[in-house]
Amino acid sequence: MTQILTHTPLWVFGLFSGLVYLGFVQRRTRHVSRQRLIVLPIAMLAWSLYSVWSTFDAHLTALAAWACAWGAVVAFGLARGPSRSASYDAGTAQFTVAGSWVPLALMMGIFFFKYAVAVIHAITPDVLDTTLAVVVVAGTYGVFSGLFMARAVRVLGTMKGQRLVERSA
């Protein structure tokens with residue numbers, strides 16, 4: 001374990017600290033704009049796609065597994081409807097998002113999963129050459145980033161509900 005940590009680039013520890021901070025900030029109820037709401041899901045989407053690409057290059061099975069997992073999670077989020085733990089204020093064009101530890105858990109999940117995949121790739125790269133490994137790893141990245149996007153889409157859905165209330169008043 002010590003050898004793994006000593007061979008880890010320093011920037012990884014900085015990234016870990018940044019993710020912990022971002023996740024810790026999200027534990028408190030906050031007011032955010034639409035643009036700010038979507039930044040984290042887009043960043044996680046980019047990071048998970050980068051993770052798939054850096055592990056498997058342009059492997060079609062990996063990209064398909066990622067896309068299927070991401071799409072399924074986002075579709076499930078859409079089917080659940082607007083978030084009940086968020087609201088939209090048209091006057092300020094801000095969302096009130098209830099604090100949650102879930103974003104921190106998701107960020108740590110994707111970070112440690114990516115770290116574990118990188119360690120496996122460095123120690124025994126042949127393990128990741130099987131179709132099953134490609135589908136599981138890429139699909140897991142898709143699930144993580146899909147959860148971020150689904151949460152944001154559900155919060156954005158509260159804006160639509162607010163507009164319907166305004167029209168009927």
Side-chain angles (χ1 to χ4, degrees), residues 1-27 35-86 97-157:
M1 185 63 148
T2 306
Q3 191 171 15
I4 291 170
L5 291 174
T6 57
H7 286 88
T8 300
L10 289 177
W11 65 266
V12 173
F13 298 105
L15 176 63
F16 174 75
S17 298
L19 290 172
V20 168
Y21 173 76
L22 279 174
F24 195 68
V25 165
Q26 295 205 23
R27 82 192 193 298
Q35 290 79 13
R36 193 163 169 218
L37 177 71
I38 203 72
V39 167
L40 186 60
I42 298 244
M44 290 296 130
L45 180 137
W47 189 26
S48 74
L49 268 176
Y50 166 75
S51 298
V52 170
W53 194 273
S54 67
T55 305
F56 303 112
D57 294 321
H59 197 291
L60 185 57
T61 303
L63 295 173
W66 179 91
C68 288
W70 187 88
V73 170
V74 172
F76 181 73
L78 284 170
R80 290 185 62 203
S83 174
R84 289 181 228 122
S85 62
V97 181
S100 174
W101 290 97
V102 171
L104 175 63
L106 291 175
M107 284 186 260
M108 292 300 97
I110 196 170
F111 177 86
F112 286 117
F113 187 75
K114 167 96 174 109
Y115 190 83
V117 169
V119 169
I120 291 168
H121 189 64
I123 295 172
T124 53
D126 296 343
V127 171
L128 299 175
D129 288 343
T130 67
T131 302
L132 178 62
V134 170
V135 169
V136 168
V137 170
T140 302
Y141 286 136
V143 166
F144 277 124
S145 62
L147 288 167
F148 277 101
M149 189 60 71
R151 185 171 185 252
V153 167
R154 292 188 68 221
V155 171
L156 286 169

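The two residues A152 and L37 come nearest to each other via the heavy atoms O-CD2, 3.9 Å.
Scored by the side chain to side chain donor-acceptor pair (under 3.5 Å) test, T131 finds no partners at all (sequence neighbours excluded). Annotation: side-chain contact (heavy atoms from CB on, under 4.5 Å) contacts of V127 (sequence neighbours excluded): I120, T124. Here F16 pairs with V20, M108, F111, F112 under the side-chain contact (heavy atoms from CB on, under 4.5 Å) rule; sequence neighbours left out. Judged as a side-chain contact (heavy atoms from CB on, under 4.5 Å), and not counting sequence neighbours, the contacts of I123 are I4, V119. Among residues two or more places apart in sequence or in another chain, the ring-ring contact (aromatic ring centres under 6.0 Å, His included) test is passed with F76 by none. Under the ring-ring contact (aromatic ring centres under 6.0 Å, His included) criterion, Y141 pairs with F113, sequence neighbours left out.
Screening residues 73-84 for side-chain hydrogen bond (donor to acceptor under 3.5 Å, both in side chains), with sequence neighbours left out, gives S83-S85. Pairs engaging residues 14-23 under the side-chain hydrogen bond (donor to acceptor under 3.5 Å, both in side chains) rule: none recorded [sequence neighbours left out].
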Please tabulate, for side-chain N and O atoms in residues 46-65, each donor-acceptor pair with protein atoms closer than 3.5 Å (sequence neighbours left out).
from, atom 1, to, atom 2, distance (Å)
S48, OG, M44, O, 3.4
S48, OG, L45, O, 3.1
S48, OG, W66, NE1, 3.0
S48, OG, S145, OG, 3.0
S51, OG, W47, O, 2.8
S54, OG, Y50, O, 3.1
S54, OG, S51, O, 3.2
S54, OG, K114, NZ, 3.3
T55, OG1, S51, O, 2.8
H59, ND1, T61, N, 3.2
H59, ND1, A62, N, 3.4

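Between atom CG of residue L19 and atom CG of residue L106 there is a gap of 11.5 Å, rounded to the nearest 0.5 Å. Atoms CZ and OG, from R27 and S100 in turn, are 12.0 Å apart once rounded to the nearest 0.5 Å.
Proximity of Q26 to V102: side-chain heavy atoms (C-beta onward) are nowhere separated by under 4.5 Å. Annotation: side chain of M107 is in contact with side chain of L40 (closest heavy-atom distance under 4.5 Å). For the pair R151/V97, a side-chain contact is recorded, criterion being any heavy-atom separation below 4.5 Å from C-beta on.
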